[in-house]
Amino acid sequence: MAKRWQNDLGAADITTEAVFMNRRAVLAGMAAGAAVGLTGTAAQAADAGAPNDWDDITSYCNYYEFGTGKDDPKKYAHTLTTTPWSIKIDGLVDRPGTYDLGQILDKMTIEQRIYRFRCVEAWSMVVPWDGFELADLLQMAGVKSDAKYVAFETVARREEMPGLRYPVLDWPYVEGLRLDEAMHPLTLMATGIYGKPMPNQNGAPIRLVVPWKYGFKSIKSIVRITLTDRQPPTAWNKANGREYGFYSNVNPTVDHPRWSQATERKLGGGLFSRRQPTLMFNGYDKEVSKLYAGMDLRKFY
Ligand code: MTE
């Protein structure tokens with residue numbers, strides 16, 4: 001059996017739940033603090049992690065199916081029906097079919113359902129995800145030897161997702177990984193955060209988390225997984241291929257055409273926190289660099 005991931009981050013590394021769920025207020029508070037000459041009481045209040053109840057917490061989420069406005073996912077994502085939920089697994093697999101999420105979870109052992117790690121979306125944060133390794137799900141379906149890539153698709157329900165009325169992306173949202181990336185023990189299918197079920201705006205009931213890649217690879221509310229021998233299209237690459245490549249590995253040495261990707265600020269670190277250098281592969285160099293041995297990562301961005 002493949003070696004399972006050993007977590008080296010402890011409780012003290014975790015971004016507090018209030019700060020994570022309240023990212024928008026933290027960021028708005030920091031911007032307001034900066035604008036009024038660093039008096040920043042809003043920012044300080046938010047940084048103190050003032051407890052919020054689950055209903056009034058505001059998330060700084062990207063989930064364009066619910067709109068591109070910063071408040072939209074929080075406002076509209078509750079309309080998404082997440083039970084029952086099934087994932088169609090097809091393409092180059094031995095056992096194609098429609099897998100019920102409840103049954104998938106029932107089949108997983110406790111050791112297969114785990115907690116994790118650091119994520120970067122311009123802000124770094126450490127989120128305790130609840131989920132299982134994608135490899136365990138792919139093994140359930142049986143990967144055929146000619147499969148080379150894994151394609152993912154988000155649910156697209158016009159009646160539940162107001163953002164689908166606007167052609168900001170070519171719906172449904174799609175993503176892809178090379179098979180070895182998908183089988184890596186760091187690649188997680190997440191069903192919860194902070195020990196609670198995944199909030200809708202964060203991709204309920206099941207989403208991808210690839211901690212060494214930029215946030216947009218982490219596709220939400222997955223309904224289809226296809227094993228294929230061709231590199232699959234990805235939503236952001238289709239929308240703007242010059243800015244968003246297939247790999248999208250966190251790489252401080254390759255700038256986005258419109259901004260540097262060399263540094264980050266810790267979410268919840270406070271208004272006065274210093275930017276810190278972003279680490280290659282988001283700090284998972286030791287674990288994943290061998291996947292890209294010999295590849296020019298400027299070309300394969
Ligand atoms: N998945 C879907 N289906 N639709 C989206 O708009 N946004 C992506 C990614 N997954 C997105 C998505 C982007 S740009 C980011 S940064 C992360 O989700 C944000 O995840 P979070 O809101 O849980 O932090």
Side-chain angles (χ1 to χ4, degrees), residues 17 20-25 52-91 96-106 119 121 127 129-132 134 137 150-177 188-210 215-226 232-240 244:
E17 182 176 346
F20 175 76
M21 292 308 299
N22 213 11
R23 279 176 283 175
R24 176 157 164 63
N52 290 284
D53 45 68
W54 197 254
D55 290 335
D56 66 26
I57 43 181
T58 308
S59 210
Y60 190 78
C61 292
N62 279 320
Y63 199 163
Y64 278 16
E65 287 86 335
F66 295 102
T68 53
K70 296 185 193 318
D71 293 325
D72 290 341
K74 180 219 165 192
K75 260 196 267 172
Y76 301 119
H78 67 273
T79 56
L80 183 67
T81 315
T82 57
T83 44
W85 193 269
S86 54
I87 303 176
K88 181 174 176 184
I89 307 185
D90 61 358
T98 300
Y99 289 75
D100 175 72
L101 179 58
Q103 284 173 4
I104 293 172
L105 291 172
D106 285 348
C119 256
E121 296 166 11
V127 176
W129 301 101
D130 192 350
F132 52 85
L134 172 60
L137 179 61
V150 185
F152 304 86
E153 196 176 302
T154 295
V155 70
R157 291 188 198 135
R158 275 179 85 97
E159 62 294 359
E160 295 185 0
M161 303 172 114
L164 295 185
R165 276 181 265 141
Y166 308 99
V168 265
L169 290 172
D170 182 14
W171 313 114
Y173 196 102
V174 288
E175 255 306 335
L177 294 172
L188 184 69
M189 291 292 271
T191 53
I193 47 175
Y194 295 94
K196 296 182 185 147
M198 188 69 72
N200 280 10
Q201 62 266 40
N202 296 97
I206 186 159
R207 66 170 292 173
L208 190 69
V209 178
V210 194
F216 59 88
K217 295 296 285 183
S218 292
I219 181 173
K220 297 176 169 179
S221 310
I222 296 167
V223 286
R224 185 173 180 191
I225 298 178
T226 307
T234 64
W236 280 101
N237 181 256
K238 281 197 286 183
N240 189 341
Y244 305 101

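Since we're looking at a predicted model, the values are computed, not measured. Numbers here simply count residues along the sequence, with the first being 1.
- For Lys217, the side-chain contact (heavy atoms from CB on, under 4.5 Å) partners at least two apart in sequence or on another chain are Glu175, Leu177, Lys213, Thr234, Phe246, Ser248.
- Closest heavy-atom contact between Ala156 and Pro172: CB-CB, 4.0 Å.
- Every residue two or more places apart in sequence or in another chain that forms a side-chain hydrogen bond (donor to acceptor under 3.5 Å, both in side chains) with Trp236 is listed here: Tyr173.
- Among residue pairs with one or both ends in residues 76-88, those qualifying as side chain to side chain donor-acceptor pair (under 3.5 Å) are Thr81-Glu160; sequence neighbours excluded.
- Partners of Ala190 according to the side-chain contact (heavy atoms from CB on, under 4.5 Å) rule, which considers only residues two or more places apart in sequence or in another chain, are Trp129, Leu188, Met198, Arg207, Val209.
- A search for salt bridge (charged side-chain N to carboxylate O under 4.0 Å, His left out) contacts involving Lys238 returns Asp170, not counting sequence neighbours.
- Here the CZ atom belonging to Phe66 is positioned 6.5 Å from the CG atom belonging to Asn200, to the nearest 0.5 angstrom.
- Ile206 contributes atom CD1, which lies 12.0 Å from atom CD1 of Ile219 (distance to the nearest 0.5 angstrom).
- Closest heavy-atom contact between Asp90 and Arg224: OD2-NH2, 2.6 Å.
- One finds the CD atom of Gln201 at 11.0 Å from the CG atom of Leu80 (value rounded to the nearest 0.5 Å).
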*Steps toward side-chain contact (heavy atoms from CB on, under 4.5 Å) verdict (Met161, Val155)*: CA-CA 9 Å; Met161 303 172 114; Val155 70; 3.7 Å; yes
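- Contact record, Ile225 with Val150: CG2-CG1, 3.5 Å, taken as the closest heavy-atom pair.
- For Phe152, there are no ring-ring contact (aromatic ring centres under 6.0 Å, His included) partners, not counting sequence neighbours.
- Not a single donor-acceptor pair under 3.5 Å links the side chain of Asp130 to the backbone N or O of Gly192.
- For the residue pair Leu169 and Ala235, the shortest heavy atom distance occurs at CD2-O, 4.0 Å.
- Between the CZ atom in Arg157 and the CG atom in Leu164 there is a gap of 10.5 Å [rounded to 0.5 Å].
- Contact record, Thr68 with Asp72: N-OD2, 3.5 Å, taken as the closest heavy-atom pair.
- Donor-acceptor pairing under 3.5 Å is recorded for the side chains of Ser221 and Tyr63.
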*Decide salt bridge (charged side-chain N to carboxylate O under 4.0 Å, His left out) for Lys220 and Glu65; before the verdict, give the C-alpha distance in whole Å, the side-chain angles of both, and the deciding distance to 0.1 Å.*
CA-CA 10 Å; Lys220 297 176 169 179; Glu65 287 86 335; over 6 Å; no
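- For Trp171 (side chain) and Tyr166 (main-chain N/O), a donor-acceptor pair under 3.5 Å exists by modelled atom type.
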*Should Asn62 and Phe216 be marked as a side-chain contact (heavy atoms from CB on, under 4.5 Å) after you check the CA-CA gap, both sets of side-chain angles, and the distance that decides it?*
CA-CA 8 Å; Asn62 279 320; Phe216 59 88; over 6 Å; no
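- With sequence neighbours excluded, no residue forms a side-chain hydrogen bond (donor to acceptor under 3.5 Å, both in side chains) with Thr191.
- Under the rule for a side-chain contact (heavy atoms from CB on, under 4.5 Å), Asp106 has no partner lying at least two apart in sequence or in another chain.
- Annotation: side chain of Ile222 is in contact with side chain of Met189 (closest heavy-atom distance under 4.5 Å).
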